[in-house]
Amino acid sequence: MKKNKIRKYCMYAFGEVFLITIGIFFAFQANKWKEATDNKKLEKELVANIWIGLQGDLTDIKANKDAHTRFLKSQTESIKWIEGDSVSKDSITYNLSVAHKPTLFLKSTAPFESLKEFGLNRIENDTLRYYITYLYDVSYPNFERMHEKYHKVLDEALDIGLVYFDDWSYKKGINIMKPIDEKGLKKDRRYLMKLKYLKKLNEVVLLYNSTLEKQVKETTKFIENNYKKRK
């Protein structure tokens with residue numbers, strides 16, 4: 001009888017331990033499932049914010065591209081006029097004004113900073129993680145450095161050439177620069193070479209701009225195909 005009681009007690013104890021173990025196992029699995037679901041939800045939110053930010057960046061990139069394309073045309077025409085024998089016309093006033101116009105590149109960094117705070121590994125897709133980090137850590141800084149170099153040379157050209165122009169007036173979004181000493185402007189070799197250098201830098205800026213536009217489009221398209229289509 002004692003042996004039977006011990007056997008029954010052992011079986012009962014074993015059953016209790018088994019049930020407790022199963023309970024802990026399922027609780028652990030449920031917790032893991034909830035954690036995985038929460039991580040997936042957070043990942044989608046972080047990626048969605050990146051996508052929204054990139055849409056704004058793309059608008060700014062396109063606007064800069066259009067602007068620098070106009071600048072390049074005006075810089076080319078201004079150089080032709082300086083090196084040629086034609087007299088001043090309204091068109092050269094316009095071209096000289098546009099040739100010296102600056103731009104501003106505004107990118108959205110908050111979504112990427114938020115992602116870094118939560119950890120880049122929150123994005124499980126290796127390709128997307130590479131796209132995003134390369135874009136924000138390499139492509140954007142390179143583009144900004146080229147922009148800074150361009151505007152540095154632009155300021156230097158203005159410092160040299162301003163003495164040859166009338167006071168600035170504002171018309172239709174452009175600071176009008178009307179030449180008042182055409183002969184002096186045409187003879188100033190330093191100004192001409194600085195303007196030519198500015199034109200060359202502008203060509204590089206446009207090249208960087210096109211590359212950056214392509215990368216942003218690829219990243220947003222990847223997000224749309226792999227995240228936004230998920231239910």
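Here, residue 1 is the first one in the sequence, and each next residue gets the next number.
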Relative to each other, are the rings of Y140 and Y136 parallel, tilted or perpendicular (30° and 60° limits)?
->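 Rings of Y140 and Y136: perpendicular, over 60°.
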Please list every donor-acceptor pair under 3.5 Å in which a side-chain atom of residues 107-115 meets a protein atom from a residue at least two apart or in another chain.
| residue | atom | partner | partner atom | Å |
| --- | --- | --- | --- | --- |
| K107 | NZ | E144 | OE1 | 3.3 |
| K107 | NZ | E144 | OE2 | 2.6 |
| E113 | OE2 | K116 | NZ | 3.3 |

Name all residues meeting the salt bridge (charged side-chain N to carboxylate O under 4.0 Å, His left out) criterion together with K217; count only those two or more places apart in sequence or in a different chain, and write none if there are none.
->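 Salt bridge (charged side-chain N to carboxylate O under 4.0 Å, His left out) list for K217, sorted by chain: E213.
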Taking the side chain as everything from C-beta on, heavy atoms only, tell me whether [X] gets closer than 4.5 Å to [Y].
X	Y	answer
D188	I160	yes
Q75	E203	no
L58	K62	yes

Do you know which two heavy atoms are closest between [X] and [Y], and how far apart they sit?
X	Y	answer
K199	I79	CD-CD1, 3.6 Å
V98	F71	O-CD2, 3.4 Å
L135	P141	O-CD, 4.3 Å

Going by the ring-ring contact (aromatic ring centres under 6.0 Å, His included) test, which pairs reach into residues 199-226, not counting sequence neighbours?
->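 Qualifying pairs: Y131-F222.
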Does the side-chain contact (heavy atoms from CB on, under 4.5 Å) test come out yes or no for H68 and H147, once each step is laid out?
-> CA-CA 11 Å; H68 277 272; H147 243 250; 3.9 Å; yes
Stepwise side-chain contact (heavy atoms from CB on, under 4.5 Å) test for L128 and N226 = CA-CA 9 Å; L128 179 58; N226 293 274; over 6 Å; no
What residues, two or more places apart in sequence or in another chain, satisfy ring pair (Phe, Tyr, Trp, His ring centres under 6.0 Å) together with Y197?
->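 Y197 satisfies ring pair (Phe, Tyr, Trp, His ring centres under 6.0 Å) with no residue once adjacent residues are dropped.
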F118: partners by ring pair (Phe, Tyr, Trp, His ring centres under 6.0 Å), with sequence neighbours left out =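 Ring pair (Phe, Tyr, Trp, His ring centres under 6.0 Å) check on F118 returns nothing, list empty.
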Indicate yes or no: does K152 engage E156 in a salt bridge with an N to O separation below 4.0 Å.
->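 Between E156 and K152 there is a salt bridge, with a charged N closer than 4.0 Å to a carboxylate O.
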Report the hydrophobic cluster partners of L104, with the cluster defined as I, L, V, M, F, W, Y residues connected by side-chain heavy atoms closer than 4.5 angstrom, directly or transitively.
->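 Its cluster mates, by chain and number, are L106.
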